[in-house]
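Below you'll find the structure, written out as structure tokens, and then a few comments.
Lettering follows sequence order; numbering is per chain, from 1.
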There are 2 protein chains.
Amino acid sequence: MSEATSRHLRLYVELRSRICLLDYPPGTRLSEEALASEFGTSRTPLRRALARLEDEGLVVSRHGVGTLVTDVEIGELAQTYALRLELAQLTGHLSPRPATAATLDEIKDFVARGHALVACPDPRVFAGLNMDYHRFGLSLSGNDALRDVAERLYFRTARIWLKAIPRLDLAEECAIFLEEMQQTETALRAHDLHAAALIRRAHISMSFQRLSTF
Amino acid sequence: MSEATSRHLRLYVELRSRICLLDYPPGTRLSEEALASEFGTSRTPLRRALARLEDEGLVVSRHGVGTLVTDVEIGELAQTYALRLELAQLTGHLSPRPATAATLDEIKDFVARGHALVACPDPRVFAGLNMDYHRFGLSLSGNDALRDVAERLYFRTARIWLKAIPRLDLAEECAIFLEEMQQTETALRAHDLHAAALIRRAHISMSFQRLSTF
DNA sequence: GCCGTCCTGGTTGTGCACAACTTTCGTCCC
DNA sequence: GGGACGAAAGTTGTGCACAACCAGGACGGC
């Protein structure tokens, strides 16, 4: 991979993480100059990364004003979740990858991290674990297109869900999350990827239900 | 919409069309300078559009070499089609929009254009009609996220399918396409969006079957 | 004849200076 | 005192010059 490409990817991924982990909550104004100097580049490559984030709807740049982190209204959130449900289930159908020993080790590790989270609930840790676990869920399918699409949708709305966490019961959310990972571990041990996908679907659905009580 | 945004969109859409209509077949080298002068801008805004095309996988820029239109191997094509099948069917489930009189006029017009195409088969006209019809199919769902995702996948692979057309029977492909639109018209007249989505799914599936005989 | 080297033309990537634009705040007129 | 106007500061968008890089060919040594 070329130097330029790798730098672009680094900037893009880092900024995307900061946005979705609420280091930059919706409405934050990102300064091109400040970010460029932080990352040790000029504005040009940084603008390339911001442009991609804008194309994907995570920020919006307005001439003379600034680059602002976007918010998402409930209507769009509902549509995106409706689609994510279906995609989650599809991970069990579209070229599923048989669970290997490595897969089982991974899910075991996730469960361990879940226990640690329940013992000491923290929104930031929750968000990071959730993001990692999402990526793990996608890795169960061998369909690249499905992975790309699902990842895109996840990052499109993850920050909104996280923003609502303080208004929910953090401890309870952590417990539910741990439960999901435990159920998934059971399914994977039984080598039932279909079941694992359904579990994922069910929990995304319930998560949105709890979210939309506001 | 700002001046810059509208220009960006114009460049992006125009280049994407040219790529997917095979005005620029896979492997073509796009010159930033030439395109910039054609569109009457400097390289900077043009590079913004090319960068987006690269992020979406339609071109690849290599330092010192050029910007090349990508090709797609059969494996990726299969995965993308597998996903497109599911998404096509979902347009019948995820906030389907009831067929109005305007909808019926539209599909009637498509059938008319289909008849004209069958009378005088032409790859370029075929491609244009197919692209318009694809957009029409998406408009039957009110789910923005689904539309975005499906459109992205369509443009990702449309040129590959079109590239294979000369190796198939053009007249037969046109006839099949017309048939699909006629069947869809019947479904829409019956206000059965579920059926319309299944017809779309079936034809995408069969289209890929014919395609992958090579 | 063959291989390695260097040079040259052409392309994308980067940095910088400036243009275009928006917001805010101060000032002046009424 | 209120409102309109304008200047100023700060931001993103654009154009340009140059750096970095790659492919191909000429050239010379062997």
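- With the end axes of the helix from C:dG1-D:dC30 to C:dC30-D:dG1 each set by five pairs, the angle from one to the other reads 20° at 10° resolution.
- With sequence neighbours excluded, no residue forms a salt bridge (charged side-chain N to carboxylate O under 4.0 Å, His left out) with B:D109.
- Judged as a side chain to side chain donor-acceptor pair (under 3.5 Å), and not counting sequence neighbours, the contacts of A:E180 are A:R200.
- Under the side chain to side chain donor-acceptor pair (under 3.5 Å) criterion, B:S2 pairs with B:T5, sequence neighbours left out.
- Looking at residues two or more places apart in sequence or on another chain, you find a salt bridge (charged side-chain N to carboxylate O under 4.0 Å, His left out) between A:K163 and A:D71.
- In summary, the side chains of A:T184 and A:Y133 do present a donor paired with an acceptor at a separation below 3.5 Å, with no hydrogens or angles considered.
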Can you give me every donor-acceptor pair (side chain of residues 50-60 of chain B, partner residue at least two apart or in another chain, under 3.5 Å) with its distance?
residue: B:R52; atom: NH1; partner: B:H8; partner atom: NE2; Å: 3.4
residue: B:E54; atom: OE2; partner: B:S61; partner atom: N; Å: 3.2
residue: B:D55; atom: OD1; partner: A:R48; partner atom: NH1; Å: 3.4
residue: B:D55; atom: OD2; partner: A:R48; partner atom: NH1; Å: 3.3
residue: B:E56; atom: OE1; partner: B:Y12; partner atom: OH; Å: 2.6
residue: B:E56; atom: OE2; partner: B:Y12; partner atom: OH; Å: 3.3

Annotated protein contacts, base or backbone, on nucleotides 8-18 of chain D with a non-hydrogen cut-off under 4.0 Å, one of B, S, - each: --BBBBBBB--

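- With sequence neighbours excluded, no residue satisfies side chain to side chain donor-acceptor pair (under 3.5 Å) with A:D148.
- Residues passing the side chain to side chain donor-acceptor pair (under 3.5 Å) test with A:T70 are A:R159, sequence neighbours excluded.
- Regarding B:R48, its CZ atom lies at a distance of 18 Å from the P atom of C:dT12, rounded to whole Å.
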